[in-house]
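Input: a single structure, listed below in structure tokens.
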Amino acid sequence: MAFLVQHGKSRSRGVGARKPRHSARSPTKLELRHRQLVVRLLAACLLAPVLCICAARLLSVVLPSQLSSGNGVYPAEGNHVISDDAEAAAGSLTSLQRAFVDDGHRLQEPSAPVPARLGADPVRGSPELDIEVESSNSNHITDLDNKSGMKGLTISSTNARSPPENSVMSSRRSVTDIEVPKPKSKIYCDDKSKDEGFPYARPIICHMSGDVRVSPESASVALITPMQQQGEEGRRVTPYARKDESLLPLVREVVIRAVANENDAPKCSIRHDVPAVIFSVGGYTGNFFHDMSDVLIPLYLTSFQYEGRVKFFMTNYKQWWVQKYKPVLRRLSHHDIIDFDSNKDVHCFQHVILGLTRDRDLILGPHPTRNPKGYSMLDFTRFLRHSYGLKRDRPLVLGEQPGKKPRMLIISRRGTRKLLNLRQVSATSRALGFDVIVSEARGNLKRFATMVNSCDVLLAVHGAGLTNQVFLPPQAVVIQIVPWGKMDWMATNFYGQPARGMNLRYLEYYVSEQESSLAQRYPRDHLVFKDPMAIHDQGWNALADIFMAQDVKLNIRRFRPILLQVLDLLQV
């Protein structure tokens, strides 16, 4: 009994100690986390549609504008190709916008029109062009054109503001309902350029931009342009950088044709993505002075700005001339030169220059239109030295290198204006301390240019040989022996002023009557001595037959002070 009583008490005590089954208790940590997760998921579900709507509206404004301003180009036809990134972005954007159109939403666009960039038409071959999409009075976009099977949106044609370029467009979008303007075509010919005090008018040079087609076989350049811009139709241009009536038989003419539509223009054989320059190497080329003043310097002035990204067409093509000046031509154009006289293709460009920009003979001066880059003759000579790999850019300074003599190059001539006492002049120069070299300006040009560049002094009678001063290092000395016959204007303008423009130190020596071979041909009372300008007034032929045909024999005593002056100049 005691045992039963004892166990009964303890059981009742144990039962009485148990907590009621339905009494209140606090939630556990796991239950709290579950409740917080449910609240967050509910909030996310409520906010997700709002965020999607805002993101879609933002993408409808920003993304297409980036596509048009970046690598992607909106195609005019389905066959055109845009960049992969732009196509993928445009495709995803189209899907978003289609969803919003189907849901009855309208996309907002900015109030100002944005320029749209359209690609080239592969059928007609017209160049890529920029157009402005005009805005009108509505601010909505029409629904999809299901009939035409387009995947993007079309622009409402009635009472609607045209969407900017950031409107939805896919790679297959058609623009047949947009009136695309003609390519902007321009032509400008400068045929009235002439400096006061300089007797030579500059030649015609024409700039053409737009859809320009060069047809060497027909010796023509066609520009597709509206009727009202056809003022240059039929103009015949001799693309040689000197205006001289006697040049007409020596230079091939090129005709400018202005046509209203592409059907009247020759079909393109080759398209180029660089400008073109058409010029002639006919005329007076073969003479080093004219090679430089009529072709190479004008070609530099016209094309150096393109940094080699330009195509040359050469009329009156001469293979030996191209080979002679190959280092210069290769630096001006990284492309092969096209022989305009034999090429059969039709070449299409967006910009063509017919002719060359010219300043004066061996002179480049600042000018807002002829020389907007401000190139100088010092720039040109630096360009030449680099083209031919000429190392020296300063002459010898006396005393700088003990025992080193200044080197003098005397240019000899075989024809007219020979230096009759050349040996005596050379001996006198050596006696005064010059290291004298006598050479004729012939043979391999690079080799001769290297020799000129190694010299500190260049001495020559007035003539093309003095043109070799372009290879001298800056601050070298040039001595021009000026023949009898009031030749001072020609001497100064053709070689003196250019030498100063090349940062060379320039000296002139004027021959007296007794030093000229004309003293043996004409009596002292002849116009040749009494009034030389009367000979000039008779024209170039008289000038060439008399004054340009003389030889000279220097009076050494009279000439010696010039040599001493050279030594003084080389002191510093």
Side-chain angles (χ1 to χ4, degrees), residues 241 281 284-301 303-304 308 312 318-333 337 361-364 375-396 405-415 426 434-480 494-496 498-506 566 570:
V281 293
Y284 302 132
T285 56
N287 175 289
F288 189 54
F289 171 80
H290 288 286
D291 287 346
M292 281 289 167
S293 62
D294 297 358
V295 181
L296 295 178
I297 295 176
L299 188 61
Y300 169 84
L301 183 58
S303 65
F304 188 67
F312 289 159
K318 301 173 183 176
Q319 180 59 40
W320 65 264
W321 196 96
V322 173
Q323 191 63 33
K324 181 177 181 178
Y325 296 109
K326 185 177 180 179
V328 178
L329 298 172
R330 181 57 65 188
R331 278 206 71 204
L332 290 175
S333 173
I337 295 175
D361 294 320
L362 305 182
I363 291 175
L364 289 178
Y375 298 131
S376 67
M377 282 303 296
L378 191 60
D379 296 324
F380 177 74
T381 55
R382 187 183 301 113
F383 162 81
L384 278 184
R385 290 198 303 275
H386 189 277
S387 298
Y388 286 101
L390 308 180
K391 305 300 183 183
R392 295 183 78 225
D393 58 2
R394 59 185 292 269
L396 174 73
K405 296 180 180 180
R407 176 172 288 187
M408 174 188 290
L409 171 62
I410 302 177
I411 295 182
S412 60
R413 296 176 60 94
R414 293 185 181 181
S426 300
F434 292 97
D435 178 14
V436 178
I437 301 173
V438 178
S439 179
E440 191 172 2
R442 289 178 179 269
N444 183 278
L445 180 60
K446 178 175 174 59
R447 188 181 304 116
F448 192 78
T450 302
M451 182 176 63
V452 175
N453 184 250
S454 71
C455 296
D456 309 292
V457 184
L458 176 66
L459 186 153
V461 180
H462 175 83
L466 279 165
T467 310
N468 288 283
Q469 64 186 321
V470 296
F471 301 122
L472 286 171
Q475 292 297 305
V477 181
V478 176
I479 307 171
Q480 179 177 194
F494 292 163
Y495 299 110
R500 297 184 183 99
M502 300 174 204
N503 197 21
L504 301 172
R505 291 175 280 195
Y506 175 74
V566 173
L570 292 176

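- Partners of Tyr506 by ring-ring contact (aromatic ring centres under 6.0 Å, His included), not counting sequence neighbours: none found.
- Note on residues 449-461: pairs passing side chain to side chain donor-acceptor pair (under 3.5 Å), not counting sequence neighbours, are Arg392-Asp456, Arg407-Ser454.
- Two rings, from Phe289 and Tyr495, have their centers less than 6.0 Å apart.
- A donor-acceptor pair under 3.5 Å is formed between the side chain of Lys318 and the backbone N or O of Val281.
- Checked against side-chain contact (heavy atoms from CB on, under 4.5 Å), Asp379 has the following partners two or more places apart in sequence or in another chain: Tyr300, Tyr375, Ser376, Arg382.
- You'll find the side chain of Gln480 stays beyond 4.5 Å of the side chain of Phe494, heavy atoms only.
- Scanning for salt bridge (charged side-chain N to carboxylate O under 4.0 Å, His left out) contacts around Arg394 gives Glu400, with sequence neighbours left out.
- Not one N or O on the side chain of Arg385 forms a donor-acceptor pair closer than 3.5 Å with the backbone of Asp393.
- Under a cut-off of 6.0 angstrom, the local environment of NZ in Lys324 is crowded, with over 12 non-hydrogen atoms contributed by other residues, nucleotides or ligands.
- Residues satisfying the ring-ring contact (aromatic ring centres under 6.0 Å, His included) criterion with Phe448, sequence neighbours excluded, are absent altogether.
- Applying the ring-ring contact (aromatic ring centres under 6.0 Å, His included) criterion to Phe288, with sequence neighbours excluded, gives no partner residue.
- Using a 4.5 Å heavy-atom threshold, the side chains of Tyr325 and Val295 count as separate.
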